[in-house]
Number of protein chains: 2
Amino acid sequence: MKSKPTSFDIAHMAGVSQSTVSRALSNSPLVNAETREKVQRIANELNYKVDKNASSLRTQRSKTIALLLFEDPSSDDSQINPFFISMLGSITKACSTAGYDLLVSFQNLQDDWHAEYEDSNKADGIILLGYGDYLDYQSKLEQLEKQETHFVRWGAHDPNHPGISVGCHNYQGGYLVTEHLIKRGRKRFAFIGVADSGAPEFMARFQGMENALIQHNLIDQFIGQFDAIFTLEAGEEATEMLLEEGTLPDAIVCASDLIAIGVQRAMQAKGLICPNDIAVVGFDNIPVSEFTNPPLTTVKQDTQKAGKVLVDKLLRLIEGETASDMLLPTELVIRKSS
Amino acid sequence: MKSKPTSFDIAHMAGVSQSTVSRALSNSPLVNAETREKVQRIANELNYKVDKNASSLRTQRSKTIALLLFEDPSSDDSQINPFFISMLGSITKACSTAGYDLLVSFQNLQDDWHAEYEDSNKADGIILLGYGDYLDYQSKLEQLEKQETHFVRWGAHDPNHPGISVGCHNYQGGYLVTEHLIKRGRKRFAFIGVADSGAPEFMARFQGMENALIQHNLIDQFIGQFDAIFTLEAGEEATEMLLEEGTLPDAIVCASDLIAIGVQRAMQAKGLICPNDIAVVGFDNIPVSEFTNPPLTTVKQDTQKAGKVLVDKLLRLIEGETASDMLLPTELVIRKSS
DNA sequence: CTGAAAGCGCTTACAG
DNA sequence: CTGAAAGCGCTTACAG
């Protein structure tokens with residue numbers, strides 16, 4: 001059969017009206033059980049599927065969510081941040097459970113992506129995952145809000161930021177991992193990662209560490225915070241600067257696993273042993289962290305839960321309900337680097 | 001403005017008919033340049049976007065491609081095979097360049113996914129990426145073909161397999177990496193990875209190795225092929241069996257990087273040094289392979305090109321043109337594990 | 001170059 | 001419980 005059957009074809013074969021076919025296939029209670037079964041059987045035989053475009057046009061609901069992964073234009077296309085990959089997996093699953101399709105798009109920050117998806121009725125709402133400087137995309141988030149686009153984003157909780165955010169408890173994670181290092185006798189800390197309002201998640205991790213040091217009277221011995229964006233290379237460079245500073249730390253807390261791997265590499269190049277000379281800890285628990293040399297102690301973000309929560313919140317917004325920010329707990333993963 | 005503007009709203013404001021608005025926005029040559037500009041300006045001001053559902057319904061083209069990533073049900077949801085992640089990146093990019101949206105779905109082999117996307121007009125065609133036993137999904141591919149669904153898949157080239165496939169030259173890759181090891185003086189080879197018709201890609205890699213050994217008169221010293229599916233754990237277990245076999249190999253060729261990482265782990269547990277005791281090589285060049293201990297010599301598949309070719313072939317099929325299978329060349333990546 | 005009109009395939013109020 | 005009819009927002013042949 002060349003052309004696809006329509007609901008009229010099914011109706012004809014079942015000897016009922018097209019309206020009844022539509023009702024039967026959507027399991028409407030308004031249709032006789034026997035009629036429904038007959039219609040469904042015939043639809044199955046013909047391999048009939050409801051036309052998504054017609055259905056969406058009529059109901060003004062696409063039952064589709066758009067996932068926008070945006071990133072610094074600097075980064076390589078094929079190298080998606082591994083942390084977001086895990087998120088992608090759990091978001092896909094959550095969408096499918098909710099009966100939604102998922103449209104995926106990678107965007108650069110320059111791109112004119114705002115709201116395109118919902119404005120054209122391709123999607124009922126948008127999930128934003130991104131890294132890069134928060135300040136660069138704040139204005140786009142504000143525009144989304146102004147256009148009343150339904151969206152949620154992964155990121156830091158801040159009442160001043162537009163939209164609903166879901167994120168992990170970065171402050172707690174920074175605190176936990178620092179406390180762990182202190183218990184193991186580390187005293188001279190350094191932090192690698194940008195810690196300003198352009199990177200609110202990194203900043204919260206930094207503050208968690210800082211507070212743990214204060215509580216344990218170690219803040220006087222704090223060696224310093226060294227800027228690094230989210231990449232391995234940035235971690236490597238920052239470490240080179242740190243190691244030229246004079247006093248060596250005995251623990252380096254990194255804002256992410258990728259940074260921490262860069263730190264380990266830079267140390268190796270200088271002949272420093274991890275953890276004997278310096279303990280190194282990361283954040284994210286990306287799959288690679290288990291295989292570095294030595295395996296990385298890190299803070300795990302629960303991506304399974306995160307994806308589910310993001311989708312749930314977004315669906316609430318789509319339904320016209322309210323939703324609020326959410327912080328997910330973090331979990332310490334202790335390996336040999338500490 | 002609460003409700004979205006339609007082409008009638010634009011027409012009203014521009015003082016033209018709705019047909020003219022539609023033409024102007026699709027850059028039809030049938031419209032006066034001045035009129036077109038005026039319409040486009042107004043559309044921009046109102047942030048008007050053509051309704052995707054209405055447009056797709058009318059043209060019977062969704063300008064959307066569905067990417068189905070299917071995998072063995074055994075594997076963990078959040079752990080997508082890293083190789084396919086790179087593919088996902090380049091496919092997304094290629095779709096966006098062609099003006100297509102990308103619908104992403106992860107499926108288990110049991111799922112009843114066949115053709116659902118094209119039958120409901122959600123997508124104009126399907127790209128299939130998968131791992132697991134080929135024989136398990138052959139029947140589904142056959143059904144896709146029977147339903148005249150447009151699809152391409154990543155995988156082994158085989159004239160008997162349904163549909164168009166794009167894959168890398170697995171045989172060549174296996175040959176190249178083996179030749180490299182032979183040049184470095186290795187003589188006693190083992191292969192880890194299933195090598196049967198359920199895993200045609202692995203089998204081609206195995207045959208490439210086998211042929212290199214034959215050509216260099218080393219086949220007599222071949223220790224054996226040990227089954228392992230595509231996971232790290234499988235590589236670990238297979239190595240344990242291999243190491244109990246008696247004669248130790250001095251080189252292990254693995255069917256994938258994940259397997260090779262498992263091999264390295266199992267060797268480490270037994271106190272064997274890589275590459276001094278045994279050289280280990282992988283296949284895929286996944287991002288992790290650079291960070292293993294020691295970094296892995298492997299065969300790179302050009303995922304950038306692969307994604308582009310998959311999308312191009314699929315678009316040809318959608319346009320009603322013909323397309324044929326394609327094998328992409330592989331490239332040796334030499335690191336410290338050999 | 002422009003406009004009036006048909007129709008893509010549904011869902012759902014309305015009437016019975 | 002069922003059917004006839006309207007209409008979602010476009011694109012495009014048709015007529016001018």
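A, B, ... follow the sequence lines: proteins, then strands. Residue 1 opens every chain. Given the structure is predicted, the values throughout are model-derived calculations rather than measurements.
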- Under the side-chain contact (heavy atoms from CB on, under 4.5 Å) criterion, do B/I65 and B/D101 qualify, and how do the steps go? CA-CA 6 Å; B/I65 286 174; B/D101 287 319; over 6 Å; no
Treating [X] as the side-chain partner and [Y] as the backbone partner, does any N or O pair qualify as donor plus acceptor under 3.5 Å?
{"X": "B/T97", "Y": "B/K93", "answer": "yes"}
{"X": "A/R23", "Y": "A/P29", "answer": "no"}
{"X": "B/S28", "Y": "B/A24", "answer": "no"}

- Message: Using a heavy-atom cut-off of 4.0 Å across all strands, would you classify A/S56 as base, sugar-phosphate, or nothing?
- Response: nothing
- Message: Between B/D119 and B/Q147, is there a side-chain heavy-atom distance shorter than 4.5 Å?
- Response: yes
- Task: Could you measure between the two P atoms, the one in C/dA6 and the one in C/dT2, and give it in whole Å?
- Result: 23 Å
- Query: If we take the P atom in both D/dC1 and D/dA5, what is their distance in whole Å?
  - Reply: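 Those two atoms are separated by 24 Å.
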- Query: Mind pulling the stems DNA chain C is in, i.e. runs of at least three Watson-Crick or G-U pairs, everything under 3.5 Å?
  - Reply: C:1-3 with D:14-16, C:5-12 with D:5-12, C:14-16 with D:1-3
- Message: Between B/Y117 and B/S105, does the side-chain contact (heavy atoms from CB on, under 4.5 Å) criterion hold? Intermediate values first, please.
- Response: CA-CA 10 Å; B/Y117 287 92; B/S105 178; 3.2 Å; yes
- Item | Per-nucleotide protein contact string for nucleotides 4-11 of chain C (B base, S sugar-phosphate only, - none; heavy atom under 4.0 Å) | BBBBBBBB
- Task: Under the side-chain hydrogen bond (donor to acceptor under 3.5 Å, both in side chains) rule, what do A/T64 and A/K52 come out as? Steps first, then yes or no, please.
- Result: CA-CA 10 Å; A/T64 301; A/K52 185 78 182 313; 3.2 Å; yes
- Value in whole Å for how far the C1' atom of C/dA15 lies from CG of A/L30: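 Distance check: A/L30 CG to C/dA15 C1' gives 14 Å.
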- Task: Carefully, step by step, assess A/L141 and A/L128 under the rule side-chain contact (heavy atoms from CB on, under 4.5 Å).
- Result: CA-CA 10 Å; A/L141 296 187; A/L128 298 168; 3.3 Å; yes
